[in-house]
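The analysis underlying the following values was restricted to heavy atoms, covering all of them including side chains, and did not include hydrogens, waters or symmetry mates. Just so you know, these numbers come straight off a predicted model, no measurement behind them.
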Amino acid sequence: MVLQESGENYLETILILQGRLDRVRSVDVANELGFSKPSISRAMSLLRKNGYVTVDGAGGLHLTEKGMEIAGRIYERHRVISQALIALGVDADTAVQDACRIEHIISQESFDQIKKHIEQKTQK
């Protein structure tokens with residue numbers, strides 16, 4: 001199954017929330033993204049069915065290895081692209097919003113070159 005942009009966003013959000021909260025629940029994802037609880041519940045059900053997320057007995061969401069790999073990749077893209085846009089003079093809020101869209105469609109080749117360029121600039 002190819003994950004759509006929304007699915008990638010959900011996984012990325014779970015990853016980010018895991019860094020801030022002791023336990024991530026569907027309601028936390030709903031609040032973070034500003035979506036309705038039923039929408040998130042349906043999405044989590046699909047992510048669970050496809051092996052990206054597990055849910056513990058207390059309702060805590062956990063990324064599987066497959067889910068973590070996608071979430072980590074998308075979050076890395078988000079951070080690097082945001083950083084690149086800010087370095088180019090884009091307002092931070094705009095850079096973050098644009099990175100949220102770009103992170104899902106950019107080719108691996110283009111992303112790797114942007115990342116390489118940023119790394120070279122920060123080493124100088």
(message) Measuring from atom CD1 of Ile118 to atom CD of Gln113, what distance do you get when rounded to the nearest 0.5 angstrom?
(response) 12.5 Å

(message) Quick one, Met44 and Leu47 - any side-chain contact, counting heavy atoms below 4.5 Å?
(response) yes

(message) Please report the interatomic distance CD1(Ile40) to CD(Glu32), rounded to the nearest 0.5 Å.
(response) 10.5 Å

(message) Between Ser82 (side chain only) and His78 (backbone N and O only), is there a donor and an acceptor less than 3.5 Å apart?
(response) yes

(message) Grouping I, L, V, M, F, W and Y whenever their side-chain heavy atoms are under 4.5 Å apart, do Phe35 and Val53 come out in a common cluster?
(response) yes

(message) Quick one, Met68 and Gln18 - any side-chain contact, counting heavy atoms below 4.5 Å?
(response) yes

(message) Hydrophobic clusters here meaning ILVMFWY residues chained together by side-chain heavy-atom distances under 4.5 Å, can you tell me if Ile70 and Val24 are in one?
(response) yes

(message) Applying side chain to side chain contact (heavy atoms under 4.5 Å, CB included), can you list everything that pairs with Gln108, at least two apart in sequence or on another chain?
(response) Arg73, Arg77, Phe111, Asp112

(request) With rounding to the nearest 0.5 Å, note down the distance linking OH in Tyr10 to CG in Leu46. (result) 9.5 Å

(message) Please list all pairs meeting salt bridge (Lys or Arg N to Asp or Glu O under 4.0 Å) that have one or both residues in residues 95-104, counting only residues at least two apart or in different chains.
(response) Asp98-Arg101

(message) Show the nearest heavy-atom pair for residues Ser36 and Ser39, with the distance to one decimal.
(response) OG-OG, 2.9 Å

(message) Are Tyr75 and Leu33 connected into the same hydrophobic cluster when the rule is that any two of I, L, V, M, F, W, Y join if their side-chain heavy atoms are below 4.5 Å apart?
(response) yes

(message) Return the CD1 to OG distance between Ile14 and Ser26, rounded to the nearest 0.5 Å.
(response) 7.5 Å

(request) Treating Ile, Leu, Val, Met, Phe, Trp and Tyr as nodes and any side-chain heavy-atom pair under 4.5 angstrom as an edge, say whether Val27 and Ile16 lie in one connected cluster. (result) no

(request) Quick one: closest heavy-atom pair of Leu11 and Gly67, and the distance? (result) CD1-O, 4.1 Å

(message) Considering only residues two or more places apart or on different chains, which pairs with a residue in residues 61-72 satisfy side-chain hydrogen bond (donor to acceptor under 3.5 Å, both in side chains)?
(response) Asp56-His62

(message) Quick check for you: to the nearest 0.5 Å, what is the distance between Glu76 atom CD and Ile74 atom CD1?
(response) 10.0 Å

(message) Tell me whether Asp28 contacts the main-chain N or O of Arg25 through its side chain, where contact means a donor paired with an acceptor under 3.5 Å.
(response) yes

(request) Using a 4.5 Å cut-off on heavy atoms from C-beta on, say whether the side chain of Asn9 contacts that of Glu12. (result) yes

(message) Do Ile114 and Leu85 land in one hydrophobic cluster if side-chain heavy atoms of ILVMFWY residues count as linked below 4.5 Å?
(response) yes

(request) Could you grab the distance from atom CD1 of Ile86 to atom CG of Asp93, nearest 0.5 Å is fine? (result) 9.0 Å

